[in-house]
Structures are given as C-alpha cells and as structure tokens.
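First the structure, in the form of structure tokens, and then the observations on it.
Here the structure is a predicted model, which means the values were calculated and not measured. All heavy atoms count here, side chains included; hydrogens, waters and symmetry mates do not.
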Amino acid sequence: MKTKKQNADFLYVGRKLLDWYQIHGRDLPFRKTSDPYKIWICEIIFQQTRIEQGLNHYRNFIERFPDVQTLASSQTDDVLLYWKGLGYYSRALNLHKAALQIINDFDGVFPTEHDDILKLKGVGKYTAAAVSSICFGKHIAAVDGNFYRVLSRVFADDFDISNSKAFHYFSELALKMMPENEAGHFNEAMMDLGSEICKPRNPLCESCPLNKECLAFNLGKIPNFPVKTKKVKATDLELHYSFVEFEGQFLIRQRKDDFIWKKLYEFPIEFPVEWEQFITKQKTIAHKLTHKNLTIQISHIRLESQDVFTEFASENGFTIINEEESHLKSFPKPLENYLTNLFKNTSNV
DNA sequence: AAATCGGGGTT
DNA sequence: AACCCAGATTT
C-alpha cells in the first residue's frame, strides 16, 4: 500500500517535469529530427561536452556527413578534421568505425534494437538508451550527469555516483518517474532541467518546477548532493616539439592512437643536435588537459638547405606542408594555437 | 574498480 | 584551483 502511494508520487513528479519541459525546454537543432543517424552523432559529440561548445561542430558535421553512407565512405582524417578542437578524439575514430559497422553488419540501416545499437563502437549504455528512447520510443532512461544531479537532489539520495552501479541505480529511480510513451521527451527534459535549473553549483531552485517535492532543497542540503567520492589527481606532462621550417613549408607527422590526441598531427619531437644553430626562437606553452598539467616547449627551426629539409622529412617519415594545407589537418589545440599565432604574425608583415 | 581520454566554462 | 560537462573504453 505504501509502495503504491510512492509510485504514484514518482509519476506525479515525472509529469511535472514533462510539463515544464513543454514550455521551457531548449530549442536545439537535433530536437527537430528523429533521424537516428543525427541523434547518434549529436549524442557522441555532446559526451562530456557542453551544448554551446559543440553546437557548431554538430552543424558542420551533419552538413559534411549528412548520412551514414557518406560518413562510412569518408577518410578517417576527414572525420578528424571536423572533430578538430572537440577533444576525446577516440570518439571521432569510433564514429567512423561504427558507420562502417552499420554498412557491413546492418545493411546500411541504423539498427532499431537497443542491443544492436549498443554494439556500435563508441556507443555505451547512455548513448544506446538516448537513441533508443528518442528515436524508437523505448521505455528506458538515458542516465547522464544531469540525472545523477537532479535525482540525487530531488530524493536526497546519497548513492555514490562514482559507484559503477550508479547508472543502474538511478536508471531504476528514473523509470519510476517516467510516464508511458514519453521516454524521449522525459530524458531530454531531465537533461534540460539539470543544465538550465539544477546546475552543479548555485542551482536556480526558486525557478525549479520540482522545488515543492525536492527533498534536498527543502532540507537545505542542496550542496550535499550528488555524492561523489572518486577523485583523480593531476599529473605532469612535458613535451618538446620542433617546428622545422623551410621557405614557408614545415614538417608534421600523424600521432598514434595509443595516447592523447589520437591520430592528430604534430610537429617533430626529435631533431638532430647540429640543427640547434638554426633555432630562431623558443616558446613554452602551458596547457591544461583534464587531470594533466601540460608543458610544451617549441623550438622554431628555420633550415637553410632544401636538401637537408626534404631528406630529413623522407628519412623520418614526416610530411611537408604549407600554411594552406595545414588547415586540412587536425592539430592538438596548443599546436593549433601556435600555428594560428604564427600565420597571423607573418601575414601582417 | 580504477585509469585514461580534451577542451572549455563556472565558481 | 577544483569541479563539471548529453561517457566510453581499456586495464
């Protein structure tokens, strides 16, 4: 009897959330479509990425790769180019692999079953749930960071969100609130509330549609939720690059896929000691990566011989490009900034 | 279960 | 400087 009453209360809160979403939900480009390809792309892009940050990337990506056939038949480097600056580059590599999976394993048609969607590279339980609910109406919760924050506060629930069972735990909680046949809208509503109202710090509780029911708010314990115990400490990383230049051309090489900046392009790391006489300037860049304090030293080397330049390139597997061609490559952010700075200064002369 | 993977915004 | 963001994969 008590359980029955509680479940009714859960549903009541869920409907309130949906009512709020109908009026205050964000107007986003991918809200206008139910094309699973586009929803999939946007879900990958917005993993660990704020909407404002990835919106232009989403538009450009869809314009360049409008369907799965186009994506699958493209070069990996072209996909990476459209991912430039987004970070977590394995997402772009997996996106391309998954497009080939869809062509080869699913006859070029985006899978409609949750378990099949989950088989796609780079698609985990959150993304599979999001696509399944938004595109195919599956009654399932797409639990992300917003869910953890909103649900833990509304129910003053101290379940540790760094626990590996947190997804399942809050998924069950969300399902109690989710009205029938509204999974997609419900999931989007939870994300909008978490993003616009129930923010990590200084949430706008006075404007929250759930503030009458929110236990943490009414107990004055909003800062206590969500509970997260796992903490990672930052490590230091130092890189030494050489920008090797000869008459407007310079050397680059593609990175491996086993460390940071997977498959992105970079400058040479090693160079002959005798080239030190050609160093025209050195620059140190401090760059902050997640959990990494990164220091990059760049030695700018202007060679005086075409032969040495081209021979070193071919013997060490470097590619020779100029400014114009460099815009067709994806560089790590600090190197991208270095190039932007360099070309800006030279073009002004 | 813990580590790793970017870049950017907020406080 | 710490924390978080429409998380997934590897170890």
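- Nucleotides dG8(B) and dT9(C) have their C1' atoms positioned 23 Å apart, rounded to a whole Å.
- In this structure, Y58(A) reaches neither bases nor backbone, as no heavy-atom distance under 4.0 Å exists between it and the strands shown.
- Atom NZ of K228(A) and atom C1' of dG7(C) are 11 Å apart (whole Å).
- Side-chain contact between F278(A) and V308(A) is absent, with no heavy atoms from C-beta onward closer than 4.5 Å.
- Between K263(A) and D257(A) no salt bridge is recorded (no basic side-chain N to carboxylate O distance below 4.0 Å).
- What separates NE2 of H168(A) from P of dG7(C) is a distance of 20 Å, to the nearest Å.
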Can you check side-chain contact (heavy atoms from CB on, under 4.5 Å) on V109(A) and I102(A), steps first, answer last?
-> CA-CA 6 Å; V109(A) 179; I102(A) 294 173; 5.9 Å; no
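- Ring orientation note: the planes of F46(A) and F30(A) are tilted relative to one another, at an angle of 30° to 60°.
- Among the heavy atoms of the strands, none lies under 4.0 Å from I44(A).
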Please assess F331(A) against I252(A) for the test side-chain contact (heavy atoms from CB on, under 4.5 Å), listing each intermediate value before the final yes or no.
-> CA-CA 10 Å; F331(A) 292 92; I252(A) 62 171; 3.7 Å; yes
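- Note on D144(A) versus K125(A): no salt bridge recorded, every NZ/NE/NH1/NH2 to OD/OE distance being 4.0 Å or above.
- Taking atom P on both dA3(B) and dC3(C), the two are 15 Å apart, rounded to the nearest angstrom.
- Relative to the ring axis of Y265(A), K329(A) places its NZ or CZ within 45° and under 6.0 Å from the centre.
- If you take CG of N293(A) and C1' of dA2(C), they are 12 Å apart, rounded to a whole angstrom.
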Taking protein heavy atoms under 4.0 Å as touching, what does nucleotides 2-11 of chain B look like 5' to 3' if B marks base contact, S marks sugar-phosphate-only contact and - marks none?
-> ---BBBBBB-
Within the sub-3.5 Å range, which N or O atoms of nucleotides 9-11 of chain C have a protein N or O partner, and how far apart are they?
residue	atom	partner	partner atom	Å
dT9(C)	OP1	G122(A)	N	2.4

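- Proximity of a side-chain donor or acceptor of R253(A) to a complementary backbone N or O of N316(A) within less than 3.5 Å is detected.
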